[in-house]
Amino acid sequence: MSVMPYNPAEIEPKWQRIWEDQHAFEAEFPSDKKKYYCLIEFPYPSGQGLHVGHPRSNTALDIIARKRRMEGYNVLYPIGWDAFGLPTENYAIKNHIHPSIVTKENVDHFRSQLKKLGFSFDYTREVNTTDPEYYRWTQWIFLKLFEKGLAYKSEMPINWCPSCKCGLANEEVVDGKCERCGTEVTRRVKSQWMLKITAYAEKLLDGLDHVDFIERVKVQQRNWIGRSEGAEVLFALTLPNETLKVYTTRPDTLFGATYMVISPEHPLIEKYKDQITNYADVAAYRDAAAKKSEFERTELAKDKTGVQIEGFRAINPVNGKEIPVWVSDYVLMTYGTGAIMAVPAHDQRDWDFAKKFHLPIIEVVAGGKNVQEECFPDVATGKLVNSDFLNGLSVAEAKKAIIDWLTEKGIGERKVNFKLRDWVFSRQRYWGEPIPIIHCPCCGAVPLKEEDLPLLLPDVEAYEPTDSGESPLSRMTDWVNVKCPRCGADAKRETDTMPQWAGSSWYFMRYCDPHNRNALASKEALDYFMPVDWYNGGMEHTTLHLLYSRFWHLFLHDLGVVSAPEPYQKRTSHGMILGENGEKMSKSRGNVINPDDTVAEIGADAFRMYEMFMGAFDQAIPWSTSGARGCRKFLDRVWRLQDILTDEEAISQDMMVPFHQTIKKVSEDYEAMKFNTAIAQMMTLVNQINTKGSITKGELRMLLLLLSPVSPHICEEMWAQNGFGAPLHHQPWPTWDDNYLTEDLTEIAVQINGKVKAKLMVPTGMTREEGLAELPNREEVVKLVAGREIVKAVYVPGRLFNLVVK
RNA sequence: GGCGGCAUGGCGGAAUGGCAGACGCACCGCACUCAAAAUGCGGCGGGAAACCGUGUCGGUUCAAGUCCGACUGCCGCUACCA
């Protein structure tokens with residue numbers, strides 16, 4: 001008997017319809033079952049449509065979601081659209097179409113592409129960040145942050161993209177260039193909304209100890225938060241009642257401080273302009289530094305510049321010595337106190353600076369080479385010298401001693417600093433959430449009342465940003481001019497909008513209760529579904545989205561909105577898919593693979609399988625069209641197993657071991673995201689079945705169960721065609737029996753001096769003692785030893801037998 | 001400069017310290033075919049062989065792709081963070 005050929009173009013849409021009609025993948029609430037929440041990063045619905053990178057993450061968690069359902073969990077695996085953002089706005093400007101229309105078209109296209117891949121998303125819970133019913137809650141969270149003093153407006157130099165005409169967060173500046181358009185970023189002073197993420201620095205750091213994130217992610221977040229322990233020290237100045245505070249991680253080297261440096265933006269310069277005898281030089285240096293972009297500052301990092309301030313000096317508190325104060329842009333106003341004590345002997349930057357300007361270098365930690373020739377920054381080995389009461393101590397001991405001394409004298413104290421900066425939250429753009437604040441000349445910034453949310457984005461004629469740097473909304477006078485809700489005076493609305501990171505900072509909470517009109521989600525739904533059990537996404541979101549959303553979630557937890565402190569229990573990350581030439585896929589390189597084309601050629605099941613089989617999940621892998629066809633060939637082979645199907649119900653005795661090994665391997669490898677080896681194991685099994693020449697019904701059922709999370713359509717179809725009963729996705733996940741994992745006899749390797757010389761069959765249970773007693777007498781072994789003296793024998797049960805001979 | 005990761009056939013990649021190269025791709029041979037495609041079967045690191053082979057050099061071990069030390073080369077993140 002021979003079945004019809006495998007035709008994914010027919011069976012895939014059929015099963016997608018059946019799943020939809022049966023509401024097969026909708027999460028229940030309320031439910032008595034245990035929940036499992038799988039999450040992938042919701043896509044930005046770009047005009048280009050789906051990229052082959054999206055299905056890599058989606059398929060991986062689809063496998064987990066489908067397996068969990070078969071294990072009896074109430075699975076939440078949702079999808080939505082992160083739809084605010086610049087590309088849509090730019091497209092709208094160029095083509096004179098409203099961004100909301102562009103967004104709708106793109107979302108529809110994306111959804112249809114995803115549906116063709118058969119992901120088991122719960123489409124009834126779709127969210128869209130541009131939906132007023134969604135962004136009213138984004139605005140609500142902002143109001144709460146404002147209420148708690150975590151949202152504030154601040155005049156500050158921001159990164160300005162002259163091309164996008166928009167302020168950028170530090171995180172959106174890459175190599176001194178705009179992340180989006182590549183234009184060199186300049187600095188511009190503007191009044192900006194800021195979110196005080198720094199208030200959560202410690203919690204964001206501590207929370208990492210309680211979640212199961214891959215180590216890379218933890219390390220990157222820790223680095224980004226950048227906690228450092230040190231001390232603040234007050235230096236007296238030769239000015240009446242004036243001190244200069246510095247932050248240092250090396251208070252132990254205080255005796256080696258030979259000069260000080262303040263940042264060009266340091267207020268001391270303006271305050272004492274009359275006392276600074278070379279003020280003109282200092283001011284000129286400051287103004288030149290201000291003009292430099294972040295990029296230029298970094299580029300010129302190697303070559304230190306600076307000006308010595310004439311007119312006053314500082315006094316080193318430990319030895320009373322007067323030391324000069326310099327201005328240099330290697331000291332940043334935005335970190336620490338904007339001023340440092342310079343210890344050239346033990347800090348590379350200070351050393352470079354001292355060498356250039358011929359400043360004294362005094363060794364205070366012995367153990368390196370001549371500090372006049374080479375800086376010695378090591379903290380592990382040296383002992384203190386030239387440091388009075390610290391002499392002879394290790395660096396760690398000296399740190400403690402000097403901090404105690406400073407604290408006692410009241411001129412210093414222990415201090416923890418973070419690299420993390422507050423989040424610049426304003427965008428001078430149209431296509432984002434309006435910030436629900438009214439500026440009143442009397443009352444200042446007045447929040448909208450909660451019942452007035454959502455503050456709708458008004459329709460405007462032109463979305464172009466203005467040259468003045470104001471948002472396009474500023475031109476909407478009818479919308480901008482309002483009465484102050486507090487005092488009734490004429491007031492103006494805030495015209496900046498929120499960044500794209502806003503809507504994506506809480507979307508996983510909305511999925512729990514997406515149609516709620518009274519709250520961002522009900523407490524009951526949040527307490528049931530949160531936290532996300534498994535979140536997979538790109539490494540590029542580690543320091544931005546992943547940190548921002550943890551911040552918002554921790555904040556909402558403090559507010560009592562949600563019980564879980566951390567939003568994500570587990571975070572994994574997929575590797576990038578490269579073009580066939582091994583380079584990053586891009587239009588300009590002409591190496592983009594379109595998922596639609598691949599699905600049309602080999603089907604969604606084979607496409608999904610290839611995405612999982614191509615290599616280690618967390619590594620970057622080049623696409624291979626012939627490799628993808630190989631997966632289609634495998635599914636053809638699976639399909640043709642029906643040609644050799646017998647009427648036997650059970651798994652035959654001689655196949656028990658291979659099947660149980662496969663159940664174990666596949667089950668464990670899916671969990672460890674080792675999808676490639678899980679699939680390889682199933683290929684091996686199918687090869688074995690083909691060699692044997694027949695397959696029983698029980699064997700086919702088992703294979704289909706194991707394969708179905710990867711390639712669900714073909715498995716459902718074969719399941720139904722062969723009358724295997726209730727739909728496959730309702731079947732329980734199979735379990736293995738350890739008794740069937742091994743054969744009676746095991747092949748081991750026989751080594752002489754560590755080199756494999758022969759293979760032997762031994763009873764599987766043979767212990768180390770039995771092996772050592774019996775194996776040297778085996779005929780094959782005696783032959784290999786050839787009369788030489790056996791110095792040592794090692795038997796590793798089930799593995800090998802090694803003889804060391806002379 | 002700092003932090004992290006990686007290095008295995010022609011290619012993607014397997015391998016709790018225990019038989020290196022599973023599985024797949026490409027390629028070669030054979031069968032089927034008038035022929036090709038598809039499919040099936042077989043081969044496929046180097047070497048005539050002894051043997052040699054997991055970026056380089058050392059070390060630990062009965063045994064190292066795997067652990068340790070030094071180095072080289074790529075990739076990612078970060079970057080004058082005091």
Side-chain angles (χ1 to χ4, degrees), chain A residues 5 174-175 215-224 226-228 230 246-251 253 261 263 294 297-298 300-304 328-332 334-343 346-350 352-353 377 417-421 539-540 542-543 575-576 578 580 582 609-610 613-616 618-631 633-634 636-637 640 674 676-687 690-691 747-759 790-805:
Chain A
V174 176
D175 276 344
E215 203 52 31
R216 287 191 288 167
V217 169
K218 286 193 183 186
V219 167
Q220 269 188 36
Q221 288 211 347
R222 286 194 186 110
N223 288 347
W224 188 263
R227 184 181 196 275
S228 75
V246 301
Y247 173 72
T248 176
T249 53
R250 295 294 305 277
T253 61
V261 186
S263 158
E294 287 283 337
R297 270 196 168 193
T298 347
L300 301 168
K302 288 110 214 165
D303 194 21
K304 300 268 184 297
S328 173
D329 64 5
Y330 86 88
V331 174
L332 309 175
T334 47
Y335 185 78
T337 62
I340 62 156
M341 64 176 210
V343 185
H346 305 291
D347 181 284
Q348 189 63 51
R349 294 152 304 182
D350 297 346
D352 293 343
F353 193 83
N417 254 333
F418 296 93
K419 288 184 200 172
L420 187 69
R421 317 276 177 84
M539 278 307 288
E540 70 275 17
T542 300
T543 49
M576 211 191 322
L578 308 171
E580 294 208 69
M609 174 174 278
Y610 177 61
F613 182 64
M614 61 196 303
D618 59 356
Q619 262 160 43
I621 309 283
W623 184 267
S624 160
T625 299
S626 51
R629 289 195 188 114
C631 286
K633 264 164 71 175
F634 174 66
D636 281 322
R637 283 156 70 88
R640 283 196 307 269
K674 290 163 79 174
N676 52 340
T677 50
I679 293 165
Q681 175 69 30
M682 290 186 280
M683 288 172 167
T684 306
L685 182 69
V686 169
N687 290 343
N690 272 317
T691 303
E747 188 188 68
I748 62 159
V750 180
Q751 297 181 334
I752 300 291
N753 294 336
K755 297 203 192 308
V756 179
K757 296 290 178 183
K759 306 284 172 71
I790 298 174
V791 181
K792 183 166 186 168
V794 180
Y795 174 61
V796 183
R799 293 287 184 178
L800 52 69
F801 181 56
N802 185 24
L803 288 171
V804 184
V805 301

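The shown structure was predicted, so the numbers you read here are calculated from the model rather than taken from an experiment. Order of the sequence lines fixes the chain letters, A, B, ..., with proteins taken first and strands second; residue numbering starts at 1 for each chain.
Taking every side-chain heavy atom of Val794(A) into account, C62(B) is the closest of C62(B), C80(B), C19(B). Closest contact between the side chain of Arg640(A) and the listed nucleotides G18(B), G40(B), G24(B) involves G40(B). Considering only side-chain atoms of Ile340(A), the nucleotide from C52(B), A82(B), C23(B) that sits closest is A82(B). If you check A22(B), C62(B), A82(B) against the side chain of Lys792(A), the one that comes closest is C62(B). Side-chain atoms of Lys674(A) lie closest to A15(B) of the nucleotides C80(B), C62(B), A15(B). Nearest to the side-chain atoms of Val756(A) among the listed nucleotides A20(B), A82(B), C80(B) stands A20(B). Side-chain proximity of Trp224(A) to A79(B), G4(B), A15(B): nearest is A79(B). Between A82(B), C23(B), G18(B), one nucleotide has an atom nearer to the side chain of Met683(A) than all others, and that is C23(B). For Arg216(A), taking side-chain heavy atoms from C-beta onward, the closest of the listed nucleotides C6(B), G4(B), G18(B) is G4(B).
Two residues, Leu800(A) and Phe418(A), neighbour RNA chain B, and the one matched to the more 5' nucleotide by heavy-atom proximity is Leu800(A). Residues Thr684(A) and Gln220(A) each lie close to RNA chain B; by heavy-atom proximity, the contact nearer the 5' end of the strand is made by Thr684(A).
Of the possible polar contacts, none joining the Asp347(A) side chain to the Pro377(A) backbone as a donor-acceptor pair under 3.5 Å is found. In this structure, Gln220(A) contributes its side chain and Thr543(A) its backbone to no donor-acceptor pair below 3.5 Å. A donor-acceptor pair under 3.5 Å is absent between the side-chain atoms of Asn417(A) and the main chain of Ser228(A), judged by distance alone. In this structure a side-chain-to-backbone donor-acceptor pair under 3.5 Å is present from Glu580(A) to Thr625(A).
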- Can you check side chain to side chain contact (heavy atoms under 4.5 Å, CB included) on Val343(A) and Arg250(A), steps first, answer last? CA-CA 9 Å; Val343(A) 185; Arg250(A) 295 294 305 277; over 6 Å; no

- Per-nucleotide pairing state of RNA chain B [Watson-Crick or G-U, under 3.5 Å; [ ] pseudoknot-crossing; | other strand]: (((((((..(((.....[....))).(((((.......))))).((....))..(((((..]....))))))))))))....

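Met539(A) approaches Val217(A) most closely through the heavy-atom pair SD-CG2, 3.8 Å. Residues Tyr247(A) and Thr337(A) approach most closely at N-OG1, 3.7 Å, considering heavy atoms. Contact detail for Val246(A) and Met341(A): the closest heavy-atom pair is CG1-N, 3.7 Å.
Within 4.0 Å (heavy atoms only), Gln751(A) reaches at least one base atom of the nucleic acid. Counting any heavy atom pair closer than 4.0 Å across all strands shown, Arg637(A) reaches sugar-phosphate atoms only and no base atom. Backbone-only engagement by Val804(A) is indicated by non-hydrogen atom pairs under 4.0 Å involving sugar-phosphate atoms exclusively. Asn676(A) comes within contact range of the sugar-phosphate backbone alone, with a heavy-atom separation under 4.0 Å but no base atom that close. Within the nucleic acid shown, Lys218(A) has no heavy atom closer than 4.0 Å to any nucleic acid atom. Residue-level contact check: Ala342(A) touches neither bases nor backbone, having no heavy atom under 4.0 Å from any strand. Using a 4.0 Å heavy-atom distance criterion, Thr334(A) is classed as making no nucleic acid contact. When heavy atoms are screened at a 4.0 angstrom cut-off, Gln681(A) is found touching no nucleic acid atom at all. When heavy atoms are screened at a 4.0 angstrom cut-off, Asn223(A) is found touching the sugar-phosphate backbone but no base atom.
Relative to the six-membered ring of Phe353(A), Lys304(A) misses at least one condition, a distance below 6.0 Å or an angle of at most 45° to the axis.
Not one side-chain nitrogen or oxygen of Asn687(A) sits closer than 4.0 Å to the OP1 or OP2 atom of A22(B). Under 4.0 angstrom from either OP1 or OP2 of C77(B) there lies no side-chain N or O belonging to Thr543(A).
Separation of the P atoms belonging to A14(B) and U78(B) is 27 Å when rounded to the nearest angstrom.
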Pairs under 3.5 angstrom, nitrogen or oxygen only, protein versus nucleotides 25-27 of chain B, please.
| residue | atom | partner | partner atom | Å |
| --- | --- | --- | --- | --- |
| C25(B) | OP1 | Lys633(A) | NZ | 3.4 |
| C25(B) | O2' | Ser626(A) | OG | 2.8 |

Contacts under 3.5 Å, N or O only, protein and nucleotides 7-12 of chain B:
| residue | atom | partner | partner atom | Å |
| --- | --- | --- | --- | --- |
| G12(B) | O2' | Met614(A) | O | 2.5 |

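Here G9(B) is in the syn range [glycosidic angle within 90° of 0].
The aromatic rings of Trp623(A) and Tyr610(A) lie perpendicular to each other, with more than 60° between the two planes, well past the 30° mark.
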